[in-house]
Amino acid sequence: MSTLFDLTPENPFDGPTQPKNRELLADLNQAQRDAVTHVGGQLLVVAGAGSGKTRVLTRRIAYLLAERKVHPGQVMAITFTNKAAAEMRERVVELVGRRANAMWVSTFHAMCVRILRREAKVLADVLAGSSGVTSNFSIYDADDSRRLINLVARDLDIDPKRYPPRGLAAQISNWKNELMTPLDAKAAAASDAERKAADVYPEYQRRLEQANAFDFDDLIMRTVELLRASPDVSEYYRRRFRHVLVDEYQDTNHAQYVLVRELSGTERTESGTEPAELCVVGDADQSIYAFRGATIRNIEEFERDYPRAHTILLEQNYRSTQTILSAANAVIARNSGRRDKRLWTDSGEGEAIVGYVADNEHDEAAFVAGEIDALVDDAAAGFKYSDVAVFYRTNNQSRVFEEIFIRLGLPYRVVGGVRFYERREVRDALAYLRVLANPQDTVSLRRILNVPKRGIGDRAEAAVASYAERERISFSDALRVAATSGSEVGLAARSANAIARFVELMNELGKLVEADEPPADILEAVLERTGYRAQLDESDDPQDATRLENLTELVTVAREFGEMPEAFQTEADAVAAAEDAEAAGVDEPEQATLAAFLERVALVADTDSIPDADGDAEDDADDSDDDAGVVTLMTVHTAKGLEYPVVFGTGWEEGVFPHQRTFGKDDELAEERRLAYVAITRARRRFYVSRALVRSAWGQPMYNPASRFLDEIPAELVEWRREEPTNGATSGGLPRAATTWGRGGGFGNDSAQARLAAGGMRSTSFSGWKDDWKKTAALELAVGDRVNHDKYGLGTVVSTDGSGPRATATIDFGTSGTVKLMLMGSVPMVKL
DNA sequence: CCCAGTAACATTTTT
DNA sequence: TGTTACTGGG
């Protein structure tokens with residue numbers, strides 16, 4: 001059975017593929033081959049899940065280079081993630097060799113940054129509202145831009161209660177995604193909230209310009225504006241890139257759509273440049289980012305916008321069993337107005353989908369954990385932990401899984417949530433670097449002005465801000481005035497002195513930048529000289545210890561970046577960057593280095609570290625005792641593009657998945673359904689679906705009926721391991737039943753939870769734990785205690801957290817690693 | 001200026 | 001229920 005999967009030519013992660021040029025087409029099906037070899041005009045490849053879309057893209061590029069003698073420098077491939085870009089480049093290099101490195105393969109955003117930095121001079125001349133922009137501009141992420149919007153809204157006396165900054169930010173972002181200027185927005189604003197946002201928008205843009213900064217949306221929008229405003233620039237890129245390829249096309253928003261159109265062109269230019277060959281690959285059924293501005297319209301109307309476009313459908317799936325595909329097909333078929341597409345495979349029916357109805361979320365987690373245990377134990381099945389993924393709709397659902405996985409000692413990893421570069425200490429440190437690279441960066445400057453505390457309080461900051469406003473100078477310049485003549489700005493001597501010391505500090509650090517010190521050294525200096533590290537060192541808050549570690553990690557990242565840039569940017573990037581810098585007249589390498597590091601950090605998400613099905617995650621410097629890897633937990637959204645032999649789809653309940661918020665909104669419900677489709681189609685061999693009759697939502701027990709998506713899976717495909725009890729209180733499906741189930745603490749003894757409790761596993765009942773935990777002797781541990789754990793062996797308690805049923809201890813088990821364990825109930829561990 | 005208490009909030013999030 | 005952001009007292 002498993003050989004069926006191993007032998008499929010498709011899974012691009014499997015096995016070495018090194019076809020010679022002639023063999024670029026050998027292992028492709030007809031549709032794939034057509035897509036690879038198609039010549040001319042625009043090509044739309046509608047690639048169903050698992051149909052080998054990445055393979056088609058990479059082969060097409062390889063084919064262009066090897067067979068059609070296209071120069072690599074003429075190829076631009078655009079993706080959404082750095083990971084996808086790196087992967088694509090790597091595979092093309094595997095196919096045709098290193099010269100492929102001369103291609104531009106990058107994300108939309110990275111590509112735009114590259115163009116904007118390169119053309120900064122033109123930009124300042126040509127574009128209204130960009131005269132303050134230089135090539136060392138900062139990139140503001142969502143958090144930065146929200147801060148700035150917050151400042152602007154406050155200045156405009158907008159009530160943050162009625163018009164929360166995040167709402168304003170979202171609205172402005174939407175407008176930018178639609179390429180709407182502040183004027184357009186003003187004209188279009190229909191509601192009160194929109195009018196407020198339209199008031200904020202122009203001022204926000206002004207402040208961005210003043211800060212020499214672009215937000216994420218600007219990167220795209222301003223590039224479009226640049227291409228439109230400057231025929232020379234536009235012509236340059238059109239001539240240069242004769243082949244434009246776009247991955248995940250269904251996720252493009254309007255601005256990105258126009259960007260691609262501007263880059264590739266629709267007709268011959270005056271100077272005789274023909275439109276580039278444009279190849280876009282996507283799947284409307286996997287469009288799950290409409291809430292961020294992605295519009296299916298781009299794919300659905302591709303043919304209308306490009307009347308001569310050719311379309312190719314990839315429907316043969318090389319990933320999943322027919323059972324899984326049939327389920328996915330049946331669910332997605334309920335969406336109206338879609339292009340009919342039915343995935344199929346010749347690899348056989350496979351196992352039935354397994355369904356489970358749990359009493360509550362803890363029972364559901366117990367079922368999942370138990371099942372994973374069984375799958376991995378079953379040597380004949382041959383599954384490793386790393387073959388398994390657990391999906392949920394919202395991040396907060398990960399908690400129960402973590403709890404039980406910890407209790408049972410199942411190795412796991414949660415992907416998503418708070419990301420490294422979003423941690424406060426990391427952002428603080430980076431803010432220093434950004435100010436050093438770009439002193440006009442007001443948001444970063446104000447962020448670190450009094451971090452660590454140095455006596456520049458809110459009042460002083462406000463005084464400087466209003467002085468800057470009054471004199472129409474930047475905050476940074478105002479700060480310098482305040483440092484020399486505090487009274488001019490209206491400051492007490494004490495504040496002025498504090499500011500003077502701060503300015504002096506930044507000047508000192510600035511010398512390091514000018515001296516072309518490597519980013520890591522500058523960062524070290526920042527951490528030392530600002531007292532940031534010292535402050536954390538002195539703290540006895542255990543969280544601060546983690547913060548220190550994160551900062552050390554950041555230094556390491558910077559160090560690696562400085563020492564071997566090839567680990568971060570490819571050789572071609574380096575060459576092109578140098579070339580670009582030269583073209584732009586940027587001949588200050590020290591700027592380039594720090595700026596390059598910051599750019600990297602700004603445009604990189606750390607989803608890049610998702611452990612893949614082979615279990616060798618990039619930054620998995622882990623302590624795993626065996627090579628079985630870890631179970632991966634994540635939201636369905638982050639699962640897009642991935643695949644696992646075994647997938648657990650959890651929380652398939654009305655109100656959870658589909659989410660409550662989407663009720664009554666057809667378009668959003670359709671997107672939820674696509675999300676369900678994505679979830680199912682991630683599975684290669686086994687798919688599990690589960691739901692809980694009762695789930696605590698914000699402290700209150702909620703009774704949730706089965707998800708409509710569950711009902712849409714043909715019944716004959718599902719083998720129910722446990723169904724909803726038909727007797728008793730729950731049959732009515734009324735909220736009052738929730739009380740019965742939620743409060744009763746009882747569960748049928750066929751539940752996974754009950755089995756777990758009865759089966760001698762180290763567990764007490766979950767729903768009754770509030771009453772029970774006191775009876776069960778919880779292990780009382782203190783820092784420094786030595787313990788012996790059945791699974792991990794000898795260890796030392798590093799820290800403890802929580803109390804009562806939530807008590808946990810972080811224990812260093814030496815070679816077995818450091819593990820966080822719950823102490824409630826009978827842990828398989830004794831205190832020595 | 002700092003912290004602690006509390007009110008308000010609670011999809012999804014490639015960049 | 002758990003977290004985060006703000007406010008007011010010390």
Side-chain angles (χ1 to χ4, degrees), chain A residues 78-85 106-113 139-146 150 160-161 164-166 170 173 176-177 214-220 247-248 250-253 255-256 286-294 361 391-397 399-400 415-419 421-422 424 450 452-461 494-495 498 541 599-608 610 634-642 651 655-663 665 668 671-672 674-675 678-679 695-702 770 802 806:
Chain A
I78 313 173
T79 63
F80 274 87
T81 66
N82 292 292
K83 190 183 173 206
S106 65
T107 64
F108 272 101
H109 298 267
M111 176 194 84
C112 288
V113 168
I139 298 166
Y140 280 4
D141 69 9
D143 187 72
D144 300 315
S145 69
R146 222 191 47 239
N150 211 341
K161 286 257 153 50
R166 48 195 302 266
S173 173
K176 289 185 175 185
N177 289 161
F214 292 110
D215 66 20
F216 278 151
D217 302 316
D218 277 340
L219 294 178
I220 313 290
D247 191 15
E248 303 282 16
Q250 76 283 351
D251 290 337
T252 53
N253 59 38
Q256 288 159 339
Q286 290 184 69
S287 165
I288 54 175
Y289 285 103
F291 71 94
R292 291 188 51 192
E361 68 269 34
F391 299 160
Y392 33 80
R393 174 66 236 269
T394 60
N395 282 119
N396 65 356
Q397 289 170 254
R399 180 182 240 99
V400 277
V415 178
V418 202
R419 296 182 297 187
Y421 290 111
E422 285 168 9
R424 193 174 67 208
N450 200 30
K453 300 276 182 281
R454 53 171 70 91
I456 308 173
D458 292 344
R459 284 185 50 133
E461 182 187 342
R494 204 156 70 116
S495 302
D541 183 341
E599 179 177 321
R600 192 76 206 180
V601 162
L603 295 180
V604 113
D606 52 358
T607 0
D608 302 0
I610 295 174
M634 64 188 134
T635 64
V636 185
H637 278 91
T638 66
K640 200 189 70 163
L642 304 174
V656 175
F657 189 24
H659 196 275
Q660 187 102 38
R661 292 248 166 139
T662 65
F663 287 176
K665 300 169 196 161
E668 291 186 34
E671 179 145 315
E672 294 282 301
R674 292 193 291 272
L675 205 49
V678 166
R695 181 179 296 273
S696 320
W698 305 327
Q700 294 303 303
M702 282 288 297
K770 274 181 192 153
R806 297 242 185 278

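Proteins come first, then strands; the chains are lettered A, B, ... in the order of their sequence lines, and each starts at number 1. This one's a predicted model, so the numbers in the text were calculated from it and none came from an experiment.
The line from CG of A/Asn450 to CG of A/Asp458 is 8.0 Å long, rounded to the nearest 0.5 Å. Atom CD of residue A/Glu672 and atom NE2 of residue A/His659 lie 8.0 Å apart, to the nearest 0.5 angstrom. Going from atom CZ of A/Arg166 over to atom CG of A/Asp143 covers 12.0 Å, rounded to the nearest 0.5 Å. The distance from the NE2 atom of A/His109 to the CZ atom of A/Phe214 is 14.0 Å, given to the nearest 0.5 Å.
OP1 and OP2 of B/dT11 both lie 4.0 Å or more from every side-chain N or O belonging to A/Asn396. OP1 or OP2 of B/dA10 has not a single side-chain nitrogen or oxygen of A/Asn395 nearer than 4.0 Å. Under 4.0 angstrom from either OP1 or OP2 of B/dC2 there lies at least one side-chain N or O belonging to A/Lys453. The shortest distance between the side-chain N/O atoms of A/Thr107 and the OP1/OP2 oxygens of B/dT14 is not below 4.0 Å.
In this structure, A/Arg674 atom CZ and B/dT12 atom C1' are separated by 13 Å, rounded to whole Å. The nearest whole Å value for the distance from the CZ atom in A/Arg454 to the P atom in B/dC2 is 11 Å. What separates CD of A/Gln286 from C1' of B/dT14 is a distance of 14 Å, to the nearest Å. Regarding A/Trp698, its CH2 atom lies at a distance of 10 Å from the C1' atom of B/dT11, rounded to whole Å. Computed from coordinates, the A/Glu422 CD to B/dT13 C1' distance equals 9 Å when rounded to whole Å. Protein atom CZ of A/Arg393 is 5 Å distant from nucleotide atom C1' of B/dT12, rounded to whole Å. Look at CZ on A/Arg166: it is 12 Å from C1' on B/dT13, rounded to the nearest Å. A/Glu361 has its CD atom 11 Å from the C1' atom of C/dT1, to the nearest Å.
Applying the 5.5 angstrom centroid cut-off and the 30 degree plane-angle cut-off, the aromatic ring of A/Tyr289 is not stacked upon the base of B/dT12. By the criterion of a centre-to-centre distance under 5.5 Å and near-parallel planes under 30°, the ring of A/His637 forms no stack with the base of B/dT12.
Within the nucleic acid shown, A/Gln660 has no heavy atom closer than 4.0 Å to any nucleic acid atom. A/Asp217 comes within 4.0 angstrom of no nucleic acid atom, judged by non-hydrogen atoms across all strands. At the heavy-atom level, A/Thr662 lies under 4.0 Å from base atoms of the strands shown.
Remark: A/Tyr289 pairs with A/Phe291, A/His637 by the ring-ring contact (aromatic ring centres under 6.0 Å, His included) rule, at least two apart or across chains. Judged as a salt bridge (charged side-chain N to carboxylate O under 4.0 Å, His left out), and not counting sequence neighbours, A/Glu361 has no contacts.
Of the candidates C/dG2, B/dT11, B/dT14, the closest approach to any side-chain atom of A/Arg399 belongs to C/dG2.
Both A/Asn450 and A/Glu248 lie close to DNA chain B; mapped to their nearest nucleotides by heavy-atom distance, the more 5′-ward contact belongs to A/Asn450. Nearer to the 5' terminus of DNA chain B, by closest-nucleotide assignment, is the contact made by A/Ile456 (compared with the other of A/Lys665 and A/Ile456).
Although no hydrogens or angles enter the test, the distance criterion places no donor-acceptor pair under 3.5 Å between the side chain of A/Asn150 and the main chain of A/Pro165.
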Are any protein N/O atoms closer than 3.5 Å to N/O atoms in nucleotides 4-10 of chain C? If there are, list each pair with its distance.
none

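Distance noted for atom P between C/dA5 and B/dT12: 15 Å (whole Å).
Between A/Tyr140 and A/Phe216, the ring centre distance reaches or exceeds 6.0 Å.
Nucleotide B/dT12 carries an anti base; the chi torsion (O4'-C1'-N9-C4 or O4'-C1'-N1-C2) is more than 90° from 0.
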